[in-house]
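Sequence lines set the chain letters: A, B, ... in the order given, protein chains first and strands last, and positions in each chain run from 1. Side-chain atoms are counted along with the backbone in the values below, which use heavy atoms only and exclude waters and symmetry mates.
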There are 2 protein chains.
Amino acid sequence: MLPELDPLLHSQLRLAVMSILIGSPEADFVYLRKTTGATAGNLSVQIEKLREAGYITVEKSFRGKMPRTTCRITPTGIKAFETYVEALQDYLPK
Amino acid sequence: MLPELDPLLHSQLRLAVMSILIGSPEADFVYLRKTTGATAGNLSVQIEKLREAGYITVEKSFRGKMPRTTCRITPTGIKAFETYVEALQDYLPK
DNA sequence: AATATTTGGTTTATTATATAAACTAGTTTA
DNA sequence: TAAACTAGTTTATATAATAAACCAAATATT
């Protein structure tokens, strides 16, 4: 039987966010939006879902006078991502 | 920018079906159901979507008196699967 | 100085998707 | 012959993805 794929990670946009955050210590909203090509609304919703799950942290601050939202992956998120990638291997040709 | 992931393939169950069919020349409904662990209803729906897209063919016959539904991947399906797997690589750690 | 535009988002509404439940049609078993 | 099983399909429901509308503040334009 094929393993389950964490539904929270098996979403193009959430996977993209996690993939970016796995590779860099932090990324802000604007960067994530440009890199993923997502709309702001969609990105906002999916970031919140990842945050709720404890996969990422979200920090709001100001860069000069403009607001800034910084995302970071958590140890829980790293673990979940690794588990997902491993499960995914069973779906891909060897 | 991260590449798009074919939404038709980026679904756990449809990906599972395609993954099985990539690895064997044919598989029947019962086998797919057991291997994926899906409910018959869900499998029926997802097989139909793959068939509509031209990714698989679906052949109905009888094994003795019992009906049998056999699925096979098409060249289009193989291509789509390969493209999907390649795009997916960009989401996974190197 | 007022007004229009842009930035950086959130909230709400709509559409699409996944899944389960209910159903059909026929077969085998008790 | 009635109950239970097989092999599915259809329909309904819950969830998810996405877009559209909105908001507050900053910056640019006339």
Side-chain angles (χ1 to χ4, degrees), chain A residues 1-20 26-53 55-72 80 84 87 91, chain B residues 1-20 26-53 55-72 80 84 87 91:
Chain A
M1 260 253 280
L2 288 161
E4 214 226 341
L5 298 175
D6 181 348
L8 202 66
L9 292 183
H10 197 66
S11 134
Q12 179 171 185
L13 183 47
R14 287 193 302 267
L15 186 64
V17 169
M18 292 293 282
S19 174
I20 291 164
E26 59 175 60
D28 63 28
F29 191 92
V30 173
Y31 177 79
L32 289 173
R33 199 158 87 72
K34 282 180 184 150
T35 310
T36 61
T39 60
N42 192 12
L43 183 58
S44 178
V45 170
Q46 306 311 328
I47 281 177
E48 174 57 18
K49 283 184 190 172
L50 291 171
R51 194 197 58 74
E52 266 176 50
Y55 287 6
I56 65 173
T57 60
V58 179
E59 190 200 335
K60 274 146 204 302
S61 61
F62 283 87
R63 182 179 30 183
K65 287 175 181 173
M66 299 298 274
R68 181 181 208 211
T69 299
T70 306
C71 301
R72 290 183 188 81
Y84 172 82
Y91 288 78
Chain B
M1 260 253 281
L2 288 161
E4 215 226 341
L5 297 175
D6 181 347
L8 202 66
L9 292 182
H10 197 66
S11 133
Q12 178 170 188
L13 184 46
R14 288 194 300 266
L15 186 63
V17 168
M18 291 294 282
S19 176
I20 291 164
E26 59 174 60
D28 63 28
F29 192 93
V30 174
Y31 177 79
L32 289 173
R33 198 158 88 71
K34 282 182 183 149
T35 310
T36 61
T39 61
N42 193 11
L43 183 58
S44 178
V45 169
Q46 308 310 330
I47 281 177
E48 175 57 15
K49 283 184 189 171
L50 291 171
R51 194 196 58 73
E52 265 176 51
Y55 288 5
I56 66 172
T57 60
V58 178
E59 189 200 336
K60 275 145 202 304
S61 61
F62 283 86
R63 184 178 29 185
K65 287 175 181 174
M66 299 299 274
R68 180 181 207 208
T69 298
T70 306
C71 301
R72 291 182 187 81
Y84 172 83
Y91 289 78

Discussion item. Once pairs are restricted to Watson-Crick or G-U wobble with both distances under 3.5 Å, how does DNA chain C read as a dot-bracket string, [ ] for crossings and | for other-strand pairs?
Written reply: ||||||||||||||||||||||||||||||
Pairwise side-chain contact, [X] with [Y], heavy-atom cut-off 4.5 Å (strictly under):
X: B:Tyr84; Y: B:His10; result: yes
X: A:Leu13; Y: A:Val45; result: no
X: B:Gln12; Y: A:Tyr91; result: yes

Discussion item. Could you measure the distance from the CD1 atom of B:Ile20 to the CD atom of B:Glu26? Nearest 0.5 Å is fine.
Written reply: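 Answer for the CD1-CD pair, B:Ile20 versus B:Glu26, is 13.5 Å.
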Worksheet item: Roughly how far, to the nearest 0.5 Å, is OG1 of B:Thr70 from OH of B:Tyr31?
Response: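 Between atom OH of B:Tyr31 and atom OG1 of B:Thr70 there are 13.5 Å.
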Worksheet item: Any sub-3.5 Å donor-acceptor pair from B:Ser19's side-chain atoms to B:Leu15's backbone N or O?
Response: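 No, because the side chain of B:Ser19 does not come within donor-acceptor range (under 3.5 Å) of the backbone of B:Leu15.
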Donor-acceptor pairs under 3.5 Å, side chain of residues 56-63 of chain A to any protein atom, not counting sequence neighbours: which ones?
unit_1  : atom_1 : unit_2  : atom_2 : d
A:Glu59 : OE1    : A:Arg72 : NH1    : 2.9
A:Glu59 : OE1    : A:Arg72 : NH2    : 3.4
A:Lys60 : NZ     : A:Thr69 : OG1    : 3.4

Worksheet entry | Whole-Å gap separating C1' (C:dA16) and CD (B:Gln46) |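 So the two atoms are 12 Å apart, to the nearest Å.
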Discussion item. In whole Å, I'd like the distance from the CD1 atom of B:Ile47 to the P atom of C:dT19.
Written reply: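 Between P of C:dT19 and CD1 of B:Ile47: 14 Å.
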Worksheet item: Tell me, which of residues 4-18 of chain B have any heavy atom that sits under 4.0 Å from an atom in DNA chain D?
Response: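 None, since no heavy atom is under 4.0 Å.
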Fill in: For A:Ile47 against A:Cys71, the heavy-atom pair lying closest together
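Looks like CD1-SG, 3.9 Å.
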Item to complete: Using salt bridge (charged side-chain N to carboxylate O under 4.0 Å, His left out) as the criterion, list what pairs up with B:Glu4, not counting sequence neighbours.
Response: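 Not a single residue meets the salt bridge (charged side-chain N to carboxylate O under 4.0 Å, His left out) criterion with B:Glu4.
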Item to complete: Can you tell me which residue pairs pass the side chain to side chain donor-acceptor pair (under 3.5 Å) test with a partner in residues 39-51 of chain B, sequence neighbours excluded?
Response: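 Qualifying pairs, neighbours excluded: B:Arg14-B:Gln46, B:Asn42-B:Gln46, B:Glu48-B:Arg51.
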Worksheet entry | Under 4.0 Å protein heavy-atom contacts per nucleotide of nucleotides 3-15 of chain D, with B for base, S for backbone only and - for none | ---SSBBB-----
Worksheet item: Contact class for B:Glu48 (heavy atom, under 4.0 Å): base, sugar-phosphate, or nothing?
Response: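 Nothing, no nucleic acid heavy atom in range.
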